[in-house]
Amino acid sequence: MPELPEVEGVRHYLDRLLTGRTVTAVTVVRPKIIAHPAPEVFVIRLTGQTFAGVERRAKFLLLRLTDGGTLVLHLRMTGLPLVVPTDAPQKKHTQVILNLDNSTELRYLDQRQFGRFWLLEKNEHDDCTGLAKLGPEPLSRAFGPKKLAAALGGRKCPIKTCLLDQHTVAGIGNIYADEILFAARIKPDRPACALSPAELSRIAREIKQILAAAVAKDCLSISEYDVQHGVEQRDAEKLLVYGRAGEPCVRCGMPLVRTVIGQRSSYYCPHCQH
DNA sequence: ACTGCCACCTGCCGGC
DNA sequence: TGCCGGCAGGTGGCAG
């Protein structure tokens with residue numbers, strides 16, 4: 001489901017409802033959701049912990065604990081953490097439950113079961129999560145055209161594939177990759193090594209622009225991340241190309257097309273993206 | 001090291 | 001109505 005902007009919305013939601021709460025009990029419905037440590041150890045170590053705050057790195061949620069440890073969560077495609085009253089009816093696909101000290105519980109739902117939890121100790125440096133290998137955070141000041149050019153190196157694969165590679169830049173997913181390349185007027189299948197410095201600058205600028213706008217919009221509609229419905233809605237009207245094959249391009253009016261790049265659906269305007 | 005391809009899962013949708 | 005293939009916003013691992 002989520003790319004960086006949606007994960008940021010979830011971060012805000014969890015930070016508001018979890019900070020200061022203590023875990024009174026842990027139920028692991030589906031053990032494979034716990035990537036590290038072993039599920040039994042996970043339960044023992046997490047019980048009694050208090051949340052200090054919730055941060056985000058790329059698409060990872062970092063639930064900081066007051067003892068210096070971190071509960072890491074990646075939602076992958078369909079992960080959905082909800083904080084609900086203890087007596088709320090349990091929904092299908094509930095995978096992990098953390099009871100909290102205020103008669104609420106954090107319920108982790110995940111239809112496709114791709115999401116994962118990791119519980120890291122204060123000074124645990126073993127990177128079982130993959131966090132250490134991530135590329136720069138696209139909205140940080142440290143990221144810009146130079147960083148992008150350096151990360152792309154002379155790679156021959158399509159620029160879209162490179163943007164989806166979390167080692168290049170961290171947090172872009174399939175939808176925003178298409179939106180970014182449309183805004184930068186670059187065809188998604190262009191080999192990264194064939195892009196000019198000016199084109200790379202446009203891409204770097206649009207990465208920041210598109211993601212920042214999406215984060216801002218998500219914060220405004222955070223109430224949409226609704227406990228009742230359990231779904232956050234991406235405003236599809238804001239997407240200019242994704243999912244719009246056959247519709248007229250908002251810039252030139254020519255029909256948008258769908259193709260497949262790196263086994264992922266890709267949408268672009270063959271007339272004004274080069 | 002890079003690249004392509006598959007696997008991991010469930011559910012939904014359109015076509016026959 | 002029902003079955004079947006294709007598709008889904010992510011990533012890790014494998015082979016070449």
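A quick note: this is a predicted structure, and the numbers were derived from the prediction, not measured. Basis for what follows: all heavy atoms, side chains included, without hydrogens, waters or symmetry-related copies. Residue numbering restarts at 1 for every chain, and letters A, B, ... go by the order of the sequence lines.
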Q: Could you tell me whether A:Gln113 contacts a base, only the sugar-phosphate backbone, or nothing, with contacts defined as non-hydrogen atoms closer than 4.0 Å?
A: sugar-phosphate
Ranking C:dA8, B:dG11, B:dC5 by distance to the side chain of A:Lys92, first place goes to B:dG11
Whether A:Lys59 contacts C:dG9 is assessed here as follows: a side-chain N or O lying under 4.0 Å from the phosphate OP1 or OP2. Is that the case?
no
query: Do A:Arg244's NZ or CZ and the ring of A:Phe182 fall within the cation-pi criteria of under 6.0 Å and 45°?
result: no
Between CG of A:Leu75 and C1' of C:dG10 the distance, given in whole Å, is 10 Å
Atom CD1 of A:Ile261 and atom C1' of C:dG10 are separated, to the nearest Å, by 17 Å
According to the interplanar angle, ranging from 0 to 90°, do the rings of A:Phe60 and A:Trp118 count as parallel (below 30°), tilted (30 to 60°) or perpendicular (above 60°)? tilted
Regarding the side chain of A:Lys32, the nearest nucleotide among C:dA8, B:dC9, B:dT10 is B:dC9
From CD1 of A:Ile175 across to C1' of C:dC7 the rounded distance in Å is 13 Å
Do A:Thr94 and A:Arg30 get their side chains close enough for a donor-acceptor pair, meaning under 3.5 Å? no
Ignoring backbone atoms, establish whether A:His167 has a side-chain N or O less than 4.0 Å from OP1 or OP2 of C:dT11. no
(request) For A:Phe114 and C:dG10, say yes or no: do the ring centres fall under 5.5 Å of each other while the ring planes differ by less than 30°? (result) yes
**Message:** Is there a side-chain contact between A:Gln166 and the phosphate of C:dT11, meaning an N or O under 4.0 Å from OP1 or OP2?
**Reply:** yes
| query | Looking for any heavy atom pair under 4.0 Å, which part of the strands does A:Arg264 touch: base, sugar-phosphate only, or nothing? | reply | base
A:Leu73 CG to C:dG10 P, in whole Å, measures 15 Å
Checking B:dG11, B:dC9, B:dT3 against the side chain of A:Lys156 (C-beta onward), the nearest is B:dT3
Whole-Å distance, A:Asp165 CG to B:dC2 P, equals 9 Å
Between A:His74 and C:dG10, is there a side-chain N or O to OP1/OP2 distance below 4.0 Å? no
Check: Within a strict 4.5 Å, meaning less than it, do heavy atoms of the A:Leu82 and A:Tyr13 side chains meet?
Finding: yes
Under 3.5 Å, is there a donor-acceptor pair between the A:Asp110 and A:Gln95 side chains? no
Has A:Gln111 got a side-chain N or O lying under 4.0 Å from the OP1 or OP2 atom of B:dG11? no
Mate of B:dC8 across any strand shown (Watson-Crick or G-U wobble, both atom pairs under 3.5 Å) is C:dG10
Regarding the side chain of A:Arg76, the nearest nucleotide among C:dG12, B:dC9, B:dT10 is C:dG12
- Message: Under a 3.5 Å threshold, yes or no: a donor from one side chain and an acceptor from the other, between A:Ser266 and A:Arg258?
- Response: no
By nearest-nucleotide position on DNA chain C, the 5'-leaning member of A:Ile172 and A:Arg258 is A:Arg258
Winner on side-chain proximity to A:Glu3, out of B:dT3, C:dG10, C:dC7, is C:dG10
From CG of A:Asp110 across to P of C:dT11 the rounded distance in Å is 13 Å
C:dG12 phosphate, OP1 or OP2, under 4.0 Å from A:Lys133 side-chain N/O = no
When both distances are under 3.5 Å in a Watson-Crick or G-U wobble arrangement, the nucleotide paired with B:dC2 is C:dG16
Whole-Å distance, A:Ile33 CD1 to B:dT10 P, equals 11 Å
### Message
Could you tell me if A:Asp101 and A:Thr24 have a donor-acceptor pair between their side chains, going purely by distance under 3.5 Å?
### Response
no
Using the P atoms only, state how far B:dA7 lies from C:dG5, rounded to an integer number of Å.
15 Å
B:dC9 to C:dC14 separation - P atoms, rounded to the nearest Å
16 Å
In whole angstroms, the gap separating C1' of C:dG9 from OH of A:Tyr267 amounts to 11 Å
